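Input: a single structure, listed below in structure tokens.
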2 protein chains.
Amino acid sequence: MKRITIYDVAKEADVSLATVSRVINGSEVVREDTRIKVQEAIEKLGYKPNAIAQGLALQKTTTIALIVPEASFFYTGQIINGLIDVAKIYKYNIVLHTTTEGITEMNDIIETIIKSRVDGVVIFNDKLCKDELNTLTRYQVPIVVIGNRMSDETIGSVYVDYAKLIYEFAAQYLEKGITDIALIEDRKNPAMLKQLNDGLQHAMEDKGLTFDNFVEIPKEYRSSYLYLKEYFKTHKHQLVITYRDSQAMAVLNSAKENGLMIPDDMEVVCILDSKYNAMARPQITGFKIPDYDLGAVAMRVMTKMLKEDDEVIDKEIELSYIYTPRQSTK
Amino acid sequence: MKRITIYDVAKEADVSLATVSRVINGSEVVREDTRIKVQEAIEKLGYKPNAIAQGLALQKTTTIALIVPEASFFYTGQIINGLIDVAKIYKYNIVLHTTTEGITEMNDIIETIIKSRVDGVVIFNDKLCKDELNTLTRYQVPIVVIGNRMSDETIGSVYVDYAKLIYEFAAQYLEKGITDIALIEDRKNPAMLKQLNDGLQHAMEDKGLTFDNFVEIPKEYRSSYLYLKEYFKTHKHQLVITYRDSQAMAVLNSAKENGLMIPDDMEVVCILDSKYNAMARPQITGFKIPDYDLGAVAMRVMTKMLKEDDEVIDKEIELSYIYTPRQSTK
DNA sequence: CTGAAAGCGCTAACAC
DNA sequence: GTGTTAGCGCTTTCAG
């Protein structure tokens, strides 16, 4: 099948290509019968407008780029889902970029993004440097950041205040006299870790204490499980806080196997709740983070930034979490 | 910053735009000093070639579309990771489409894909109809299907033979005289289910038996857990087979709470292994499916199909699984 | 209400 | 080696 263009349709319908263009774009000014004539030609030829050519002519691609660390974590998946679902509503396409360590230079991604002339980019990335944002800004690409609070002429953000989350949570425990609180984490996500650290620190300081119970574990489940199995032979805390579900499970399994009863001997909480937390035994307490909404709202903010009218919009949107107590805390 | 084009660079470097085009595309024929001159102009102006315009001129977009059911399952995530990683090597962009139930019509996706003139599409979708493939084929879009075996002039596929997998597995058990085998599954993925069913049926028939132990459970963990908690009050099998990790865990938890010991009273196996299977207690036996590779190989097949030379390529690629025994089977 | 023509930014013959 | 020019397929004034 030969590539069929607007020109073929024009000939078939015996009108000019301008008219065809008008009916494609739903212009009001076309007379009913010529519209029908054109529609039929389109149908007959199986014509589909070339979005690339449209993009060139209109100087916009109706696609936005999404940068995530990697696609396989449940919450990144959810963010992608949310983002795509609302992108669909506004007819935007999503081109996905991952910043897999060792495989991709962030710079390369930014480079291809600029070349591809996307209308905007949504970034959910942990180690996100100001540099990258700057070059994007230089090329006037609107940005929405997921996870870090910030805003600017062309930057918006959607985030959860983890510092506050952990502060409030820890404060409760400290209030009850429980002060041996440990944070068990790899350093995969420095920005997040900083927030958690700050919040915890803050809570401790309010009680005249200092926080120094940070336990660094390996990045993968298996090795952290083994690591912790050793660790809990000689250590124990009143409360252990982890970030991801797999980390909480490593704690759970290794502690149990060292004879520690959860939650009686030690309480465990996982910041980023997931369905797997409810499948573990004991079920793990967590905070429901609105991951799907982070994506959805980010995309919504993006569409607003992309609209021409200068309606004032809120460029920093904080989403809230829901404490979800289960069996791993008292 | 004004949009800067190849023309600006040409003026700045005092050459024609053809020359600029040549250096952008690494043409050999440019003299060294003019190349440098142009490079400097590009640098100075911060010029980035417009991929849209290139796409128009070259009749190719260097982007391929990926269709998945939804992004949040671990294995879809892995497929995406694999696909993107190799796409990166060949400089392809990935635009991601999800077929979330109720939100998207498959037809709409196909429509936007055709309009966006991607160079190819990779489909990992369960309820994938021949219809959609046909319209894609009609517009001569090369296709690689993940998960179902098929091939054609413009269609390739990468898959795992689940029928064989389950056949071989079940045959072993039947050999030992274990015949009360149940398949516990929702009907989210009919194509997959059919394969499993066929394989199991086949194995049973080889022993002069028939398979009729299909137990349909709800699609979400929580409800299937509750469903099974009732079910195991009055039922019990020698071997239970599930598809996804969450289903296996629902079985595990509900069975345990009904006093069934795993694996002594009942063995459990999960077709699609995941890291969570190793976190459960008892740890769940499964089959490592090369999800990352499914994505990676699919993309590799795609690049081969896209190459001009008519090197004969294998368009049906079967990947293998690895049986991973853990504690939930004897 | 419809058509003619310029332009979006780039590539690829074809000249020179 | 480098420049000229004709597209790639579509949108959008500007006339009529």
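Every value quoted in this text rests on a predicted model; they were computed, and no experiment measured them. The chains referred to below are lettered A, B, ... by the order of the sequence lines, with proteins before strands, and numbering in each begins at 1.
Axis angle between the ends of the helix from dC1(C)-dG16(D) to dC16(C)-dG1(D), five pairs each and rounded to 10 degrees, works out to 40°.
Between Thr5(B) and dC8(C), a side-chain N or O to OP1/OP2 separation shorter than 4.0 Å is absent.
Residue Val30(B) is classed as a sugar-phosphate contact, given heavy-atom separations below 4.0 Å to backbone atoms only.
Toward the 5′ end of DNA chain D lies the nearest nucleotide of Arg35(B), the other residue of the pair Gln59(B) and Arg35(B) mapping further downstream.
Electrostatic pairing of Glu12(A) and Lys44(A) counts as a salt bridge here, judged by a charged N lying under 4.0 Å from a carboxylate O. Ion pairing of Lys37(A) with Glu40(A) is absent here, as no side-chain N (NZ or NE/NH1/NH2) approaches a carboxylate O to less than 4.0 Å.
Summarising the geometry, the separation between NZ on Lys11(B) and C1' on dG9(C) is reported as 14 Å, rounded to the nearest angstrom. If you measure from atom CD1 of Ile42(B) to atom P of dG9(C), you get 16 Å, rounded to the nearest angstrom. When rounded to the nearest whole Å, the span between CZ of Arg3(B) and C1' of dG7(C) equals 11 Å. The CZ atom of Arg117(A) sits 21 Å away from the P atom of dC10(D) (whole-angstrom rounding).
Between dG9(C), dT2(D), dG3(D), one nucleotide has an atom nearer to the side chain of Val15(B) than all others, and that is dG3(D). For Ser16(A), whose side chain is taken as the heavy atoms from C-beta onward, the closest listed nucleotide among dG3(C), dC1(C), dG9(C) is dG3(C).
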List every contact pair, protein side and nucleotides 11-15 of chain C side both N or O, where the distance is under 3.5 Å.
residue: dT11(C); atom: OP1; partner: Asn25(B); partner atom: OD1; Å: 3.4
residue: dT11(C); atom: OP1; partner: Asn25(B); partner atom: ND2; Å: 3.1
residue: dT11(C); atom: OP1; partner: Gln54(B); partner atom: NE2; Å: 2.8
residue: dT11(C); atom: OP2; partner: Ser21(B); partner atom: OG; Å: 2.7

